[in-house]
Structures are given as C-alpha cells and as structure tokens.
J.: 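Below is the structure I would like to discuss, written out as structure tokens.
Every chain is numbered from 1, with letters handed out A, B, ... down the list of sequences. Reckoned from all heavy atoms, side chains included, excluding hydrogens, waters and symmetry mates. What you are looking at is a predicted structure, and each value in this text was computed from that prediction instead of being measured.
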Amino acid sequence: MSSLTDDLQTIQSQSLQEVERIISLEELETLRLKFLGRKDGLLTKVLQALPTLSPAERKDVGRQANEVKKALETALENRRQAIEDAQIAQSLAKESIDLTLPGTPVLRGKLHPLTQVLEEIVSVFTRLGFNLAEGPEVETDDNNFTALNHPPDHPARDAHDTFYLKDLKDESGLPLLLRTHTSPVQIRYMRTHQPPLYIVAPGRVFRHEAVDATHSFVFHQVEGLAVDKDISMADLKGMLTLFAQHLFGPGAEIRFRPSYFPFVEPGIEVDISCTLCGGKGCRVCKQSGWLEMLGAGLVNPNVFRAVGYDPRKVTGYAFGIGVERVAMFKYGVDDMRLFFDNDIRFLQQF
Amino acid sequence: MKVSTLWLKEFVDFDQSPEELAVFLRNLGFDTASITRFGGGIENVVTAKVETAGKHPNANKLSLCQVFDGKDRWTVVCGAPNVAAGQTVPLARVGAKLPGGINIEKAVIRGQESSGMICSAKELALGEDHGGIMVLPPETPLGEDINAVLALGDAVLDVEVTPNRPDVLSHWGVAREIAASLNRKIRLPNHEIPKTTEVSSLVEIRNPEFCPRYTGRTIENVEVRSSPLWMRLRLERCGVRPINNLVDITNYVLLEMGHPLHAFDRDKLQEGRVIVRLGGKEESLLCLDEVTRPVGEALVIADAKGPAAVAGVMGGEPTAVQESTKNILLESACFVPSNIRRTRTRLNMSTESSYRFERGTDWTMSDLAGRRAAHLFLTLAGGKLTGEQDAKAGSPKPVEIKVTASRINLFLGTELSVQQMKEALERLDFRCLAGDDSLLVTPPIHRQDVREDADVAEEVARLVGYDKVPQKRRASTQPPEPATIERRMLLSARQYFVGAGFYEARNYGLSSRDLWGKLAGSASAGAAVELGNPISLSGELLSPSLLVNLLVNLQGNVRRGNKDVRLFESARTFFQKEGKALEKTSLAWVASGCANPDHWKFKPRPLEIWDAKSWVKTLLKEWRIPGIRFVKPHEMSFLHPAEALHVFIGEKNVGFFGKIHPRRADAFDVPRETLLGELELSTLAQEPALPLKFEGVPRQPAVYRDFSLIFPDTVSWASVAHFLLRQSPWVENIELFDVFIDPALPPGHRSLAFRVTFRHPERTLTDAEVGEVQEKILKSLQTDFKAVMRKQD
C-alpha cells in the first residue's frame, strides 16, 4: 500500500515538474500519454492496480490517485492554453496586411435627387395628416385650365405654353394636352371627394418652352390643397413655415407677396429666407436675402363652383412647390439639365 | 413693362429711390425685373453751339472748336470725327463733373488750350455710343442744364404686370398704385381740348357686341415733324422707336395712359369715315408690318372700300399716317378682350395694342386717353380739332360687392376692423359704405378684376401688407387614406432596385419616332401618342416604353466611361387605342457591365440573363403577386430570341425581361450584353396580392438527398422541379446545384444535379422513410422523364 502511495507522490511531483518545462503541444501530448495513457500511463497503472488492494486501502489510494489525476489534468490544460496563447501571439505578430488596400465594392444604387426631395416634401405634409393624391399626365383642357379659372381666351393661359396631343380629343372635342401643372389633381380630387380634404399631389408636368440651365420643358411639382369650413391665409402661412423650416432648417422664414394665379384669390408668391447667407444677401439669392420658392393662395371661389362646392360654405388654400427649384437650392445644383441626363456620376452624389 | 421714374413723378410725388420703389411695387404684387439708370452725377454741363470747327494745328485727328453757350465763347479741343460747325452739343465746362468721378479742368492738348469738353453719349452715361459727340436737336436753347434737357437722373424700371391687372399697364396705372400705397394724391396729365361739334356720320359700329365704344376725332391740317426731344427720350427709354409726331403721340399716350389708340390718315379713308364690323372671308389687309393677312372673321375697322385696320391689333398700311398726312382720324375705342385674343392668336401676331385689349381696357380711359392724345396733337402737330363722335352701346355698370369684415378676416386670418378695411379700399378709389361689420364696396371701373369677396380680401391684404397675416397651425381634419397599392409597389420596387445596385433615372417622357422605331421596329409607331406641337423631332412622341430613354441614358454613361451602369425608372407610358390615350405606370431597367464590381482580389463576372431573372423573381415575390408565368417570346422583338422571357399573369402580358437583341444593341450603341426589362406597374397593381401571413419557422430537422441524373435536353428544369414538389408532402425545397454538359454524355442530353430537402412538420423523418420516397422519385424520373442515373466515379 505504501508503495502505491509513494508512487503516486512521485508521479505527482514528477509530472507537474515536467509539465512546466514543456513548450510544444506535441511534447505535451507525449507527456499526457506517459502518465495518463490508456495502457501504459504511469498513473493509469496505479489505477489499474486498485482492485488488488483491500477495500480500505482501495478507498484511500483511489481518492489520492484521483486527486493526482485531477491536478495533472489541470496542469496539462493550463499548459496547453499557455502554449496556444504563445503560438497565436507569435503567428499574429508575423501577420502583416496592407489594410489601406480597397475593400470589396458594394453595389448599391441611389434614388434620384428629385425623388428624394419630392418624397421629403410629401412626407412633411403627410405627417401633418395630408393624403397623397395623383392624377394623369395627359389631361383635358377643362381639368388643366377651365375648371381652374383659366377660361378659354383668357390671357393667363399665356403663362402655360402647352403641348397638345395630335388627333386625340376629350369628350368635349378639345384636344388632349400634357398637364402644365399638378393643379388638375385638385379638380379631380374635389370632384370625387367632399370636404374637409387635405391633400398633396406630386407629379411631372410639361411646358412647351426651350431648355436651358434654369428652364426645362419637363419639371416636377408638389401640389397642396386644403379645403375646410374656415381655412385662412394664416393657416397657409403656418403650414408653409413648417414646410420651409423642415426643408431648410429651423431658422428659415417665409414671406408672402401678392401675385396672380387664376385658381387662387388672393394669390401670393412665397419667398423663403436664404439659409445660405442667413438673409444677408449672397450670390444665390441675388443679394436679396430671399428666394422665390412657390406660388400659393386661397382657392378661388370660381374653382369651388367648377367642382360643385359652395364657396359660401368652404374656404381653402392651395400651393404648388417646384421640386427642381428646391433641389437646386438644397444641393447647389446649378444646371437643371443635369437632373435629366442620368449620368451616374451625378446620381451617385445624392 | 418699362416705366420711367421721372414720368411717374408727373402724376404722383414720391422721394423713394428706384430700388425702394421696386420694393414698394413688389409688395403690391408687381415684380421689377431690372432697373436702368440714365445719367446722374452730372454738373455744369450745358447746351452749346459749335460756331467753328477747324483743324488742330498740331494733330490730324483733333479739331479746334469755338463753342458758344449762350453767354460765353470757349475754345475746345475735340477728338470726335463728327464734330461740325452749327451743331448744338452738350458742353462740359471747366469745373464740370461727369459720371464716374471725372472732373473737367482747363487743359493744354498738343499745345492748344482747351476750356472744356464736348461730350459723347457714353461720357454722359447714356449708352455705349462713343463713336462721336452727342448732337442735340437744333432748336434746343443754349446754356440750358443738360440734366433738364436730357431728363437725366431718370431710372427705368422693368415692371412685371400680372394678366389680371391691365389697369397697371401704363405710367398712369403704376402711379395710381404708388399713390394708393403712399396715400398720396394723383394728378392727371393735361387733356384739355376745345369743344367741338358732334359729327354723327364719322363712326358706325355694326358689331357692338365686340366694340361697345368707339370715339373718333378729326384733326385737320396737322404738320408732320419730329417729336420734341423730351418725348423722344421717354419713348426710347421705354423701348419705343420715335418716328414722327403723329405716330409718337399715339405710342406716348399708350405708355402713359395704357389705352391703345390709332391715327388714320383721314384723306385715305374712303368717305373719311370708319365702320366697325366683322371681316369677310375673302377680305385681306396689308398690315403696318408690311404683311398681307386674310382678316377672316376678325373685327375690323373698315372704310367704304374695305378693312383699314384689324381692330385692336394692328393698323393697315394704306391708311397709315405718313410724311404727307394732313388730316387725321383719331381712334379711341373699347374692344371685347376675348375677341381680340382670338384674332391675334389666329393671325399669330401680338402687339402692344392687342396685349392690352385682350387683358381688358378701361371704359373711362378710352375717353380720357383720346382727349390726352388730341391735346398733344394740337400742341405738338398744330392742326385743329374739327369734329368728334363718341359712339357707344350703353356703359358698364359699377359692381356692388356686399361683404363683411368678419368674412375678410376669415379669409386673411386677421383681426382688422371695418374702418381699417375701408381706409385701405378708399385709397384704391373703391367706394365703401361701412356698417358695424358690413361693407358695401364699389370698385372703380378700371378694376374689372374685383368681382367678389375674395377679391376684396386681396385688395385689403395688399394695402395692409401680408406681413400682418399671422401664422396659425392647423393640421388635417381629413381621415387618413391608405397609400394606393401602386404606390406601395413603387416604394418597395425603388428600395429593391437601389439595394440591387441600380440608380434611379428620371427622363422627360418624350421620345422620337426614330428612337422608338429603333427599339420596337417602325411598325409599332402607329400605336404611339404623338404631340401636335412638339418642340423638336426628338420629342414628338409620348414614350410608349421607358426603355427608349433608358437605353439613351445607358449609351451616354458608357460613352463617358462609366462602368457597371444599372438604371431604373418608374414613370408613365402612353399608347393610343381607338382614339383614346392610354396612360400606364411602368417600371423599367437597363443594366450592363459586371455582376460584381472589379476588385484587386475578387475578379468580376459579367452580368447574365440569370441576374435579370432573379431581379424580376425577387421583385415579384416582394409584391406577393401569385400566378406569374414566364413565357418565351414567340415573336421577333427587341429581345434576344433565346435569352429573354415575357411575364404573364393568366393570359395577360404584363412585361418582359432579358438580354437585348444584338441588332437593337447596335442601333442604340450599347453593349450587346445589356440586360433590360419592363413591367406594367399599374396593371400589376390591379392584381390581388397574397396577404402577408406568417407560416411558422420549421422546428423539425430536415433530411437532404442529392440526385444526379442525365436528362434529355427537351426536359426543362422547371418541369423537373415542379414534378419533384408533387412527389411527397415532405418535399420542402429543391435546389439545383449543377448543370453539366459534356461530350461524354449522350448527344442531346445534360446532367442535372440537385438537392431535395425533406421535412415533416411534426416529427423527425427516418432514413428509411426518406429512402423510400427517394427511390420512388428516382423511378419516376427514369420512367416519366427518361432520366438516367449518372455512374458514380
């Protein structure tokens, strides 16, 4: 019995000393086999001898053997971790990559800047409870003009150089046309809905005019219309101030100037304070501190009559925002034609 | 419209600078496009006569002149080639100040003393003409301050007048607005004429429905000469070329009072009288611009012989005043706006006269302007007023508008009192009867645009100022409506395409017959919608397909060296059918280049039809539209015959995708590998989408079995996959992982290798169970599809 106990002590001290000297995983495995190998391991042999002992000795020696085994296994595991750590540290130290090399490019497109601005404008109003409305680009003379208080032979029609369709006519025999503004959506919506109504109508519009840096025969508008029982100019001013501050920052202010659009009365032109110079005057705002941004006004009673509303019972406001204009100012784009060129070197900048 | 500030000051007093005036006008609703200044900062420049102009003794190009300013004689060296004895000129005397800070001092030029300088127009800041000295009319008195003679210190504002305000299309009209704004009095110009006899036979109005008033005046023995300098200067500054006193006076009064007038040479009018009537179909007129026009049904001013003028638009050459004119008939009339507009549109001519008449002229001004012009004729052309006839059909009644202060405050969101409103309106010459809240408003006759309460509200706001309108916050009271299916599909498509590397394009929506033919073949042009008045041939059609412009965009990008170009667009497309324009929302895309961008480590691979197929499939899956079929194109089109598919729902063709036909690629000068596709978004939006429903996440393990079989080429993968899915309820998924084509295989055959996933929803499948199904599948494939097992290596 004592010899086995001695053996165990020897095994313990010898093995633990040897573990400390080992520097490779291979040697560590050899060492493990030397002591714990299934057949010939020194400790295994002690354990194998246990059945030959008396029950009392067996219990004692068995317990001792297990402790030695546990201690050795712990030492082996610690040593293994230490060797691996050293190895990883060594290999990491060797690794050297030029991380300035380019990463794999990701293919990702962009929405058109006009879409981004258009959606941003729309979202300001939809969050305030406006509904989205849309209409066709091919329109009737009535929806585009007459119902909007541009009667036939009215000089206000001169402001809208119009594309007419060849050979295609509406029900009253007038040639169909490409809408010159998004305002016909007002007519379509009012003719199919009853107040109160609050809508925004974004869309593409067409004017028969020459293209240059600041003019295009195609552009985009966001139309707004609110009809309720007691809507006033003050409501319009409040709403457009929110719009301006949302798009151009909390410092943006607006200014109303009298103007004339037949479908509104009073009609106004709305200027937004130039946020580039803080209203001091700069090249972009032509030293005035203000930028012409949109046209608006209270819905003309004649428009209400045209859609069958009673102008004594409802009032409303309407506005039309030029999307290109906002985008040009917001991003500093100086040529409108770039929006329609679709060069990806332009599109990827937004 | 150009207005001179000095001219305005004849009617109303104001001290504002031209810039301040522009701000005033802007706040009243009239923008100023530009301000041009005439002279200013000139001192001690007077009119003088060149008495002698001899050669400078020491210089070839200089003259030595003796100049008389009415009091003193001066010797002046002059370098201008046009200087000559007898001229009246502006002389800058010693001590004079000229624009640009120039001071004139006594100087010795090539040995000759010069006491002053004879000025050119440029030196007086009156234009760029530096070719010579400025020569003044011979009748100009000597020693006069040049500032007064040439009306210097003037500024001309180019004012934009909206079409609803024809009453502002004149100096008088602008002055009236300024006076209202400043609350000042306004003075009429001299329009006194002697009393004369009424001549009943001078004017005959046959169509009073188009000409409610025509005042004719006869002036005899006029003398044609050039107008006085002040008048010529004013005309020139307002953009009108002076001709002679007769012509200039009518133009002058037009600019001054805003009412177009016409002077006929009365001796050339048959019977010396005019008839206002509709033109005849066969009649024509040689107009003042020397173009003969058929007058058709236009309203004309005629004599017994035929048309002498197109009413309100342009006079005729044969009866126009000339150098030889002695007697005139002066017309001052009112014409109905819509008639004038129709006429000038039909005859395709726009004049200062038609511009005003089609916007509406002022009934009272018709008389006033006629008197003013007659006064000027008598003053500036001599002659005698010998008769007049004021033919009219009734007279316009003033409009009474009943409105309340509370109604106006409702419109404006203000809290103005009745008195404040009354005061504002009265400054505009509106008559106002005010009660506690009520206002009975009568606008003056020249304000034909003010008809009801909203118009009155605008006038109050203009005068009070829009800065008085407060801000209120009012959100929508309309219940929110859900976004349309089409819009939701569009938003998800945009997101999808951006994520797949596509840039969004926006095009004009027009294209040419030529380009459309290049894409679809010329036979398809008939169905396209054409414009009646295109700007150019490149925009004569409404695009029937977005691809036309997208391919042009692609070509532009490739030409500029952009690689891996992917573009998509959603916009309307147009066709015509049975006389109707069909408008659809379409979604289209083009792509060329590589599937993955070039990288130093991972090499790119070119895009293939398989990429296009996945784009469409993924998008359709996103939209959850069931029952989509892909069908091979059965007719020759712009698609590659082998590498393209049409998209069908039921029997409806809703789009296509694939590789472009090589010939079309060449025609558009884009790479032959270009992929493209187009879907009818608005048609797809009509299809009921599957509801989005959670189907659970599988909890049981799956069992996988790989198959590798040789199939005849006639067996499509889709038919195999479809077949496999029906073989057992446990078949969850089939994944093709290899297609092998090799000469070692029997001809007309290919090998397909695929992995089938089996799963039971409630329990783990055993090997044996799956093995049974696997056997069954193999047997069926061999019998039904003539498939052969590949030999295992």
J.: Quick check on B/N557 against chain A: is it the side chain, the backbone, both or neither that has a heavy atom closer than 4.5 Å?
T.: side chain
J.: Report the option among A/P258, A/P266, A/P151 that has the most heavy-atom pairs separated by less than 4.5 Å from atoms of chain B.
T.: A/P258
J.: Please flag which part of B/R451 lies under 4.5 Å from any non-hydrogen atom of chain A: side chain, backbone, both or neither.
T.: neither
J.: With a 4.5 angstrom heavy-atom cut-off, is it the side chain or the backbone of B/I340 that approaches chain A, or both, or neither?
T.: neither
J.: Using a 3.5 Å distance criterion without hydrogens, assess whether the side chain of B/R462 forms a donor-acceptor pair with backbone atoms of B/L28.
T.: yes
J.: With a 4.5 angstrom heavy-atom cut-off, which part of B/R487 approaches chain A: side chain, backbone, both or neither?
T.: side chain
J.: Name the option with the most non-hydrogen atom pairs under 4.5 Å to chain A; the candidates are B/G539, B/G413, B/P163.
T.: B/P163
J.: Relative to chain A, which segment of B/E481 carries a heavy atom at a distance below 4.5 Å: side chain, backbone, both, or neither?
T.: both
J.: Check the side chains of A/T315 and A/D230 for a donor-acceptor pair under 3.5 angstrom, ignoring hydrogens and angles.
T.: no
J.: Count the heavy-atom pairs under 4.5 Å between each of B/G360, B/P337, B/S338 and chain A, then report the option with the highest count.
T.: B/S338
J.: Heavy-atom distance under 4.5 Å to chain A: side chain of B/P534, backbone, both or neither?
T.: backbone
J.: Given the options B/D31, B/T414, B/N339, which has more heavy-atom pairs under 4.5 Å with chain A than any of the others?
T.: B/D31
J.: Can B/R341 and A/D158 be said to form a side-chain contact (heavy atoms from CB on, under 4.5 Å), step by step?
T.: CA-CA 11 Å; B/R341 184 173 165 83; A/D158 288 352; 2.8 Å; yes
J.: Is B/R344 salt-bridged to B/E358, cutoff N-O under 4.0 Å?
T.: yes
J.: Does any non-hydrogen side-chain atom of A/P184 lie less than 4.5 Å from one of A/T140?
T.: no
J.: Kindly check if the number of other-residue, nucleotide or ligand heavy atoms within 6.0 Å of CD (B/E415) is above 12?
T.: no
J.: Would you kindly say whether A/Y189 and A/N131 are connected by a side-chain donor-acceptor distance under 3.5 Å?
T.: no
J.: At a heavy-atom separation under 4.5 Å, does B/D598 approach chain A through its side chain, its backbone, both, or neither?
T.: backbone
J.: I want to check a possible cation-pi pair here: A/R255 against A/W290, using under 6.0 Å from ring centre and within 45° of the ring axis as the test.
T.: yes
J.: At a heavy-atom separation under 4.5 Å, does B/K601 approach chain A through its side chain, its backbone, both, or neither?
T.: neither
J.: Report the option among B/R506, B/E452, B/R342 that has the most heavy-atom pairs separated by less than 4.5 Å from atoms of chain A.
T.: B/R506
J.: Using a 4.5 angstrom heavy-atom cutoff, name the option from A/P195, A/P136, A/A226, A/S259 with the most pairs to chain B.
T.: A/P136
J.: Look at the rings of B/F568 and B/F497 and say which category their plane angle falls in: under 30° parallel, 30 to 60° tilted, over 60° perpendicular.
T.: parallel
J.: Only pairs of heavy atoms separated by less than 4.5 Å count here; which of B/N533, B/D564, B/V469, B/N553 has the most with chain A?
T.: B/N533
J.: Pick whichever of A/F256, A/F217, A/F206 has the most heavy-atom pairs under 4.5 Å with chain B.
T.: A/F217
J.: Would A/E265 and A/V299 count as a side-chain contact (heavy atoms from CB on, under 4.5 Å) if you check the C-alpha gap in whole Å, the side-chain angles of each, and the deciding distance to 0.1 Å?
T.: CA-CA 6 Å; A/E265 181 75 11; A/V299 179; over 6 Å; no
J.: So for B/L491, is it side chain, backbone, both, or neither that comes closer than 4.5 Å to the heavy atoms of chain A?
T.: side chain
J.: Contact part of B/A595 toward chain A, heavy-atom cut-off under 4.5 Å: side chain, backbone, both or neither?
T.: backbone
J.: Please report, to 0.1 Å, the donor-acceptor pairs under 3.5 Å made by any side chain of residues 102-109 of chain A, with sequence neighbours excluded.
T.:
none

J.: Just to verify, what does B/F602 make a ring-ring contact (aromatic ring centres under 6.0 Å, His included) with, not counting sequence neighbours?
T.: B/H599
J.: Is it the side chain or the backbone of B/K563 that comes within 4.5 Å of chain A heavy atoms, both, or neither?
T.: backbone
J.: Please classify the contact between B/A461 and chain A as side chain, backbone, both or neither, with a heavy-atom cut-off of under 4.5 Å.
T.: neither
J.: Counting heavy-atom pairs under 4.5 Å to chain A, which of B/T162, B/L531, B/L554, B/L567 comes out on top?
T.: B/L531
J.: Is the distance from the ring center of A/F125 to that of A/Y198 below 6.0 Å?
T.: no
